[in-house]
Amino acid sequence: MDIQWYPGHMVKTKKMIKQHIKLVDVVLELVDARAPLSTHLPDIDSLVGSKDVITVLNKADLADKGVTESWIKFFKEQGFQAVAVDALRKSGFKRLFSLIESAKKKTILAPKRCMIIGIPNVGKSSLINQMARRKSAKTGDKPGVTRSKMWLKVSDRLELLDTPGILWPKFDDKAVGIKLALLGSIKEELLDLQQLAVILIKYLSIYYPDRLKLRYDVDASIPPMKVLEKIAQSRGFLQSGGTYDIERSVKTLLNEFRQGKLGPLSLEKPEEKEGFWAGISNQDIV
Ligand code: G4P
């Protein structure tokens, strides 16, 4: 996978985020709980300087609960503050607010000010809206902080910058790119979706073999292309001429994975440095 971002745009975006970060006491870095390292901003340290950072593992409802707990433990052991939340259902918010409360503050009297940053699609707008109890999302996936700044009052002691800092993910590692694609943080037109679905099937057959059976009544041990064929068969995805519509199976599988219809599952575990994804990185895929 060879994805080119626009270096000029990225520099501008980072500059804007840096300017806004100066105004806040604490930064919430949002990551996807299903792949907290792959969705983490690699150059966050240079962006946030000495500000307090809380790593927020969002979409915890879609992730494997046990794995998320080991991620929180992992972050703590590395000396980072981390919390798992579900921005849509506001779960984990009590812990999130208590971590924000314990972060350091510039002045005693003013409310604490907070900003959310992260890559596209990790749930930044959702979290802002829920923390500030705002109904409609005002932000889109435009990189940088594009609108004039405004503070949303969360409580008498806390204000939130109304626009998140959006940065593109950076990755040299193919496996990271594939995980981001599976989670929907990379535009689909950049990818070979069938290869992506095949990788997902291989991953599921190793780590969550029951899920394909439960959702599609397919045995995870059969070859991935056969799995796609079986999905087409069981859902009645037929093309004219009676052949199976594999493309539709691919889209269905990827969408249903992203929506959590295959059940909660995680794409990476803290204890697993090698294994499935290390093997994937070396193949010329996607
Ligand atoms: P962003 O600002 O970081 O780009 O993310 P955004 O809030 O737009 O959220 C991206 C998608 O993720 C949205 O779904 C949103 O509903 C969903 N989402 C955000 N937080 C959570 C969470 O904690 N759990 C779950 N299950 N989903 C979450 P969408 O389908 O793109 O849009 P829509 O369904 O909201 O219309």
Side-chain angles (χ1 to χ4, degrees), residues 13-33 36 39-41 44-61 63 68-69 71-72 75-76 78-167:
T13 298
K14 280 186 185 164
K15 206 170 142 194
M16 278 198 288
I17 291 178
K18 268 190 168 173
Q19 281 166 356
H20 285 83
I21 278 175
K22 280 189 199 139
L23 308 172
V24 306
D25 302 295
V26 54
V27 177
L28 305 184
E29 191 213 1
L30 224 61
V31 296
D32 191 309
T39 54
H40 166 70
L41 296 169
I44 184 163
D45 290 348
S46 64
L47 277 173
V48 299
S50 60
K51 300 281 174 185
D52 275 357
V53 181
I54 299 169
T55 307
V56 182
L57 284 74
N58 189 36
K59 307 199 184 185
D61 56 307
T68 302
E69 277 163 16
W71 275 115
I72 300 288
F75 281 111
K76 275 193 190 145
Q78 308 282 323
F80 298 100
Q81 300 281 16
V83 57
V85 306
D86 166 356
L88 298 187
R89 290 158 203 86
K90 291 187 158 192
S91 98
F93 273 33
K94 209 172 157 201
R95 173 86 185 126
L96 172 64
F97 284 125
S98 101
L99 286 179
I100 295 173
E101 186 74 25
S102 54
K104 55 181 187 280
K105 198 166 90 158
K106 279 196 304 284
T107 64
I108 306 275
L109 292 175
K112 198 169 277 176
R113 284 185 159 176
C114 178
M115 177 185 185
I116 291 176
I117 62 171
I119 67 168
N121 205 41
V122 286
K124 298 176 298 299
S125 310
S126 308
L127 186 64
I128 291 176
N129 293 334
Q130 292 284 44
M131 281 176 76
R133 295 175 292 275
R134 187 170 67 176
K135 285 204 173 60
S136 66
K138 286 188 183 172
T139 50
D141 265 355
K142 292 201 193 74
V145 180
T146 46
R147 296 171 347 104
S148 63
K149 65 181 183 293
M150 194 180 99
W151 299 99
L152 295 167
K153 185 175 167 178
V154 177
S155 71
D156 288 340
R157 296 191 309 263
L158 181 62
E159 288 179 358
L160 188 58
L161 193 68
D162 82 333
T163 317
I166 306 166
L167 280 164

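For this chain, numbers begin at 1 and follow the sequence in order.
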Would you please test Leu47 and Leu167 for side-chain contact (heavy atoms from CB on, under 4.5 Å) and show each step? CA-CA 11 Å; Leu47 277 173; Leu167 280 164; 3.3 Å; yes

Qualifying residues under side-chain hydrogen bond (donor to acceptor under 3.5 Å, both in side chains), relative to Lys18, sequence neighbours excluded: none

Distance, nearest 0.5 Å, that separates OG1 of Thr39 from CD1 of Ile119: 5.5 Å

List in chain and number order the residues that pass side-chain contact (heavy atoms from CB on, under 4.5 Å) with Lys90, two or more places apart in sequence or in another chain; answer none if no residue qualifies. Phe93, Gln130, Arg133

If I compare all heavy atoms of Lys124 with all of Gly165, which pair ends up nearest, and what's the gap? CD-O, 3.8 Å

CG of Leu127 to CG of Asn129, rounded to nearest 0.5 Å, is 9.0 Å

Exercise: identify the closest heavy-atom pair between Cys114 and Ile100: SG-CD1, 4.4 Å

Quick one: list whatever passes side-chain hydrogen bond (donor to acceptor under 3.5 Å, both in side chains) with Gln19, sequence neighbours left out. none

Spacing of Asp32 atom CG and Lys59 atom NZ [to the nearest 0.5 Å]: 5.5 Å

For Asp45, the side-chain hydrogen bond (donor to acceptor under 3.5 Å, both in side chains) test, sequence neighbours excluded, returns none

pair Asn58-Val31: side-chain heavy atoms closer than 4.5 Å: no

Using the test side-chain contact (heavy atoms from CB on, under 4.5 Å), find all partners of Asp86 that sit at least two apart in sequence or belong to another chain. Asp61, Leu88, Arg89, Ser91

List the residues meeting side-chain hydrogen bond (donor to acceptor under 3.5 Å, both in side chains) with Gln81, not counting sequence neighbours, and say none if there are none. none

Determine whether a donor-acceptor pair (N or O, by modelled atom type, separation under 3.5 Å) exists between the side chain of Glu29 and the backbone of Leu41. yes

Give the minimum heavy-atom separation between Pro111 and Asp25, together with the two atoms involved. O-OD2, 4.0 Å

List for me each residue that meets side-chain contact (heavy atoms from CB on, under 4.5 Å) alongside Arg157, sequence neighbours excluded, and say none if there are none. Glu101, Ser155

Heavy-atom check, side chain of Leu28 versus side chain of Ile117, under 4.5 Å: no

In short, Ala60 meets Ala33 closest at the heavy-atom pair CA-CB, 3.9 Å

Using 0.5 Å steps for rounding, measure from the CG atom of Leu152 to the CZ atom of Arg113. 11.0 Å

If you apply the rule side-chain contact (heavy atoms from CB on, under 4.5 Å), what do you find for Leu160 with Ile128, and how did you get there? CA-CA 8 Å; Leu160 188 58; Ile128 291 176; 4.1 Å; yes

Separation of Met115 CE from Ile17 CD1 (nearest 0.5 Å): 5.5 Å

Say you draw a straight line from NE2 of His20 to CG of Leu161; how long is it, rounded to the nearest 0.5 Å? 5.5 Å

Can you name the nearest heavy-atom pair linking Ile54 to Val83, along with the distance? CG2-CG1, 4.2 Å

Quick one: closest heavy-atom pair of Gly92 and Val85, and the distance? O-CG1, 3.8 Å

Looking at residues at least two apart in the chain, or sitting in another chain, which of them share a side-chain contact (heavy atoms from CB on, under 4.5 Å) with Ala82? Thr55, Leu57, Ile72, Phe75

List the residues meeting salt bridge (Lys or Arg N to Asp or Glu O under 4.0 Å) with Lys153, not counting sequence neighbours, and say none if there are none. Asp156

